[in-house]
Amino acid sequence: MRFIGNRNPHYKTLIHRCERNPILTSDDWPYPINTVFNAGATLLADGTTLLLCRVEDRRGISHLCAARSQNGVTDWKIDPQPTFFPDPKNWPEELWGIEDPRITYLEDLETYAVVYTSYSRGGPGVSLALTKDFKKFERYGVIMPPEDKDAALLPRKIGDCWALVHRPVTSLLGAHMWISYSPDLRHWGSHRLILEARRGAWWDANKIGLSPPPILTSEGWLMLYHGVRQTASGALYRLGLALFDEHSPEKCLLRSDEWIFRPEEDYELAGDVGNVIFPCGYTLGPDGDTIRLYYGAADTCIALATASIQEMLAWLHEFGRPPNG
């Protein structure tokens, strides 16, 4: 397969699109749906790539469905029925669907954590479920109340606690990235603001959020985050980079001033919600450097791109700066 990058020769291309994009659409689904997008991703023990996809039906209600591939690009085997369906009778916070999963493998517990958005009358909140096989799920329910979303767990404890990056929203403070800690994945506290949305004309003004789960590197936690700029024709989503301390992930070391990835292709520009690229998951290649980034495009399909961790770190050192620098 071949990957293609930004066509603008004046800027370094850090993220390279797959020429087969989009790799999954509603036409691939074994049962009737409207759209499929915003998939969490992980590599299973046998090397299979698993995507836990957000699937929207024609009512507008979303559920999650697993797709598996030996090479992570083609020949997807999709569960014949929804894998993880809203259960509003027992979990009323899921009344209007479940959305945008992020998957983290918790080695200490030998299980996968799925952090997802549960949509209730009170708005979107952060919910958690654990699974070992993506067939049976143990729901923990809401761990961050509305309005909150764009959340993922770090794969290992910080001290004695698990850490969750998430994005609460308030009418006064805006939409910024926070981190919270828990000894048991159920009770959360020590809430700290870690990255603020900028103000004014910036690409990441007023509203930001975590994209895929944080990536542990030799220099700390590398986070790809999205910024949402409001324009005369609607919201425009772009991706940027930030680096956080490995042992104190509430401390931001570097942040990019410029975005690194934007909607450009037809399948990103037009769809149910145009001008959107929204990664929720990645897998790491055998070289320990190449990541495959799975992203929703225009809230309509799933696309794939690759990037180098070392190239992103080098770019961040060259063009980023401390948040208060």
Side-chain angles (χ1 to χ4, degrees), residues 1-3 15-31 33 35-55 62-85 98-116 128-139 152-156 211-217 222 224 278-297 301-309:
M1 85 209 75
R2 184 171 63 89
F3 287 84
I15 297 179
H16 306 265
R17 293 173 175 85
C18 177
E19 65 175 357
R20 293 180 178 270
N21 280 347
I23 60 169
L24 283 169
T25 73
S26 59
D27 292 340
D28 298 307
W29 241 248
Y31 55 89
I33 67 170
T35 53
V36 55
F37 52 111
N38 297 6
T42 193
L43 283 177
L44 302 179
D46 64 359
T48 299
T49 297
L50 180 140
L51 300 184
L52 194 57
C53 310
R54 174 181 173 180
V55 175
S62 292
H63 62 266
L64 307 181
C65 187
R68 298 168 176 84
S69 169
Q70 291 300 310
N71 63 19
V73 183
T74 60
D75 300 323
W76 294 94
K77 309 300 182 186
I78 300 168
D79 283 358
Q81 298 294 330
T83 307
F84 191 51
F85 206 72
I98 53 180
E99 307 172 353
D100 303 350
R102 275 85 167 180
I103 301 170
T104 302
Y105 182 69
L106 306 180
E107 188 171 352
D108 285 359
L109 302 181
E110 297 182 340
T111 193
Y112 297 93
V114 181
V115 179
Y116 59 97
L128 169 66
L130 302 184
T131 182
K132 291 185 180 295
D133 56 9
F134 292 93
K135 296 177 182 178
K136 296 180 179 179
F137 295 83
E138 178 188 3
R139 277 175 165 91
L153 281 169
L154 270 61
R156 69 185 197 195
S211 287
I215 304 165
L216 182 58
T217 76
L222 180 64
L224 284 80
F278 200 88
C280 284
Y282 73 91
T283 60
L284 183 63
D287 62 2
D289 179 62
T290 303
I291 63 169
R292 283 181 167 174
L293 195 64
Y294 295 91
Y295 64 98
C301 58
I302 295 174
L304 169 63
T306 60
S308 161
I309 293 173

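Keep in mind that what you see is a predicted model, and the values were worked out from it rather than measured.
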Could you state the interatomic distance from [atom1] ([X]) to [atom2] ([Y]), rounded to the nearest 0.5 Å?
X    : Y    : atom1 : atom2 : result
F37  : D100 : CZ    : CG    : 6.5 Å
L128 : R102 : CG    : CZ    : 14.0 Å
T283 : L51  : OG1   : CG    : 8.5 Å
I98  : L64  : CD1   : CG    : 4.0 Å
C301 : N38  : SG    : CG    : 10.5 Å
L52  : F137 : CG    : CZ    : 5.5 Å

Problem - Side-chain (T104) to main-chain (L153) donor-acceptor, under 3.5 angstrom - result: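 A pair under 3.5 Å: yes.
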Problem - L130 backbone acceptor or donor facing T111 side chain under 3.5 Å - result: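 Between the backbone of L130 and the side chain of T111 there is no qualifying donor-acceptor contact (under 3.5 Å).
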Between [Y] and [X], is there a side-chain heavy-atom distance shorter than 4.5 Å?
X    : Y    : result
L304 : R20  : no
E110 : K132 : yes
P82  : Y31  : yes
P155 : L216 : no
C18  : V73  : yes
L284 : I215 : no
L43  : T49  : yes

Between [X] and [Y], which heavy-atom pair has the shortest distance, and what is it?
X    : Y    : value
P213 : G281 : CD-CA, 4.4 Å
D28  : I78  : O-CD1, 3.4 Å
R139 : F85  : NH2-O, 2.7 Å
T48  : S69  : CG2-O, 3.6 Å

Practice task
Using distance alone, with no hydrogens and no angle criterion, decide if R54 and S62 have a side-chain donor and acceptor under 3.5 Å apart.
Solution key: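 Per modelled atom types, R54 and S62 side chains form a pair under 3.5 Å.
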Exercise for the section: Would you kindly say whether T131 and E138 are connected by a side-chain donor-acceptor distance under 3.5 Å? Expected result: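 No, no side-chain donor-acceptor pair sits under 3.5 Å.
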Problem - Sole residue of F84, Y105, Y112 in ring-ring contact (aromatic ring centres under 6.0 Å, His included) with F134 - result: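 The single option meeting the ring-ring contact (aromatic ring centres under 6.0 Å, His included) with F134 is Y112.
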Exercise for the section: Look at the aromatic rings of Y294 and W76 and report parallel, tilted or perpendicular, splitting at 30° and 60°. Expected result: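 Ring orientation, 0 to 90° scale: perpendicular.
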